[in-house]
S.K.: 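Take a look at the following structure, please.
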Amino acid sequence: MDIPETGQTLEENALQKARYVYDHYHIDCFADDTGLEVEALNGAPGIYSARYASMESGADSHDSEANMARLLRELKDKDNRKARFRTVIALIQKKNICPCGCNSIKQEHLFEGIVNGEITTERSGAEGFGYDPIFRPDGFEHTFAEMTAEQKNGISHRGRATAKLADYLIK
């Protein structure tokens, strides 16, 4: 079943998805939301990253090629191409100690990963997915789509958020 994503921020969407799973299955869980935030577009596409192009057409689609085309078109005459990928992971765990003895107490935690970079003027590379062919991380000469999965995962927003989650769980 589709889990609703009606929040206005990555944090709200990640929590909404994790709460949905927790409330339906009563198990510890985590969920994430990710977005591409472009400075010259006031943070757009943000929470709408996966369906950015379909917002114009009214169709509910996750068309990466159309999303990239729209973004490149909107940035065509802009000098500021700064952007960042941001992932937020929401973790929900049952709390072991409750003063009244019930089991319904839960703890919620958020973990964020960010990678800064810029939107290129054209697509480059065949690896990855989504906006990877037009996103070049700061300090690198290649887009995410030109990197190996190992290279990308070593610096990616998801990798950074996941590392924070793993550090928390290990402690």
Side-chain angles (χ1 to χ4, degrees), residues 1-55 60 62 64 67-68 71 80-119 128-132 134-140 143-145 147 149-171:
M1 79 183 79
D2 286 334
I3 299 175
E5 286 185 77
T6 58
Q8 296 302 305
T9 66
L10 296 175
E11 292 83 357
E12 289 175 5
N13 282 340
L15 279 167
Q16 184 177 31
K17 291 186 274 188
R19 287 173 181 155
Y20 183 91
V21 172
Y22 184 88
D23 291 344
H24 281 79
Y25 301 102
H26 311 290
I27 58 173
D28 294 355
C29 63
F30 65 91
D32 79 307
D33 200 23
T34 295
L36 175 66
E37 301 170 340
V38 180
E39 190 173 286
L41 302 177
N42 298 316
I47 61 169
Y48 304 106
S49 294
R51 55 191 184 277
Y52 196 48
S54 66
M55 293 171 58
D60 187 20
H62 291 76
S64 295
N67 289 337
M68 284 188 287
L71 186 59
N80 180 1
R81 301 182 79 83
K82 291 180 185 177
R84 68 182 188 171
F85 272 115
R86 192 164 69 94
T87 293
V88 175
I89 298 174
L91 169 69
I92 299 181
Q93 298 174 298
K94 287 182 184 176
K95 189 172 180 181
N96 292 332
I97 301 169
C98 177
C100 69
C102 72
N103 279 339
S104 62
I105 302 294
K106 62 186 177 188
Q107 292 180 325
E108 298 179 343
H109 305 277
L110 294 174
F111 305 91
E112 180 183 61
I114 295 173
V115 62
N116 293 306
E118 67 179 355
I119 303 300
F129 60 94
Y131 296 94
D132 286 358
I134 61 171
F135 182 82
R136 181 175 34 243
D138 286 348
F140 291 85
T143 65
F144 269 169
M147 295 179 175
E150 185 176 295
Q151 290 171 320
K152 178 186 170 188
N153 292 337
I155 63 165
S156 79
H157 46 295
R158 284 190 180 93
R160 290 174 178 177
T162 302
K164 290 176 182 177
L165 169 64
D167 286 346
Y168 172 81
L169 293 172
I170 291 171
K171 294 178 183 178

S.K.: List the atom of C29, the atom of A18, and the distance in Å for their closest heavy-atom pair.
M.R.: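 The pair with the smallest heavy-atom distance is SG-O, 3.3 Å.
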
S.K.: If you compare all heavy atoms of P4 against all heavy atoms of Q16, which two are closest, and at what distance to 0.1 Å?
M.R.: O-OE1, 3.3 Å

S.K.: How far does CG of L169 sit from CZ of F30, to the nearest 0.5 angstrom?
M.R.: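 Here the rounded value is 8.5 Å.
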
S.K.: Centre of F135's six-membered ring, under 6.0 Å away, within 45 degrees of the axis: is that where NZ or CZ of K152 sits?
M.R.: no

S.K.: Between CD1 of I3 and NE2 of H24, what distance do you get to the nearest 0.5 Å?
M.R.: 9.0 Å

S.K.: Donor-acceptor check, side chain of N153 to backbone of E150, threshold 3.5 angstrom: yes or no?
M.R.: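 Judged by distance alone, no pair lies under 3.5 Å.
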
S.K.: Looking at every heavy atom in both R160 and V115, which two are closest together, and how far apart are they?
M.R.: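 The answer is NH1-CA, 3.7 Å.
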
S.K.: Which pair of heavy atoms, one from L10 and one from R86, lies closest together, and at what distance?
M.R.: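 So the two residues come closest at CD1-O, 3.4 Å.
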
S.K.: Report the distance from atom CZ of F144 to atom CD1 of I155, rounding to the nearest 0.5 Å.
M.R.: 4.5 Å

S.K.: How close do I27 and Y22 get, heavy atom to heavy atom, and via which atoms?
M.R.: O-CD1, 3.1 Å

S.K.: Is any side-chain heavy atom of K94 closer than 4.5 Å to a side-chain heavy atom of K106?
M.R.: no

S.K.: List for me each residue that meets side-chain hydrogen bond (donor to acceptor under 3.5 Å, both in side chains) alongside E12, sequence neighbours excluded, and say none if there are none.
M.R.: none

S.K.: Assess the side chains of D28 and Q93: does a donor N or O sit below 3.5 Å from an acceptor N or O?
M.R.: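 Judged by distance alone, the side chains do not pair up.
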
S.K.: For the atom pair CG (L15) and CG (L91), what is the distance rounded to the nearest 0.5 Å?
M.R.: 10.0 Å

S.K.: Are K82 and E118 close enough for a salt bridge, meaning some N to O gap below 4.0 Å?
M.R.: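 Salt bridge absent between K82 and E118.
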
S.K.: How close do Y131 and S49 get, heavy atom to heavy atom, and via which atoms?
M.R.: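 Closest approach of Y131 to S49, heavy atoms only: OH-O, 2.8 Å.
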
S.K.: Is the shortest distance from a Lys or Arg side-chain nitrogen in E39 or R84 to a carboxylate oxygen in the other one below 4.0 Å?
M.R.: no

S.K.: I'd like to know whether CZ of F111 has more than 12 heavy-atom contacts from other residues, nucleotides or ligands below 6.0 angstrom.
M.R.: yes

S.K.: So, D33 side chain and V88 main chain: donor-acceptor pair closer than 3.5 Å or not?
M.R.: no

S.K.: Can you tell me if T87 and E112 form a side-chain donor-acceptor pair at under 3.5 Å?
M.R.: no

S.K.: Is it true that, when you exclude D167 itself, more than 12 heavy atoms of the residues, nucleotides or ligands shown sit nearer than 6.0 Å to its CG?
M.R.: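 Above 12, so yes.
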
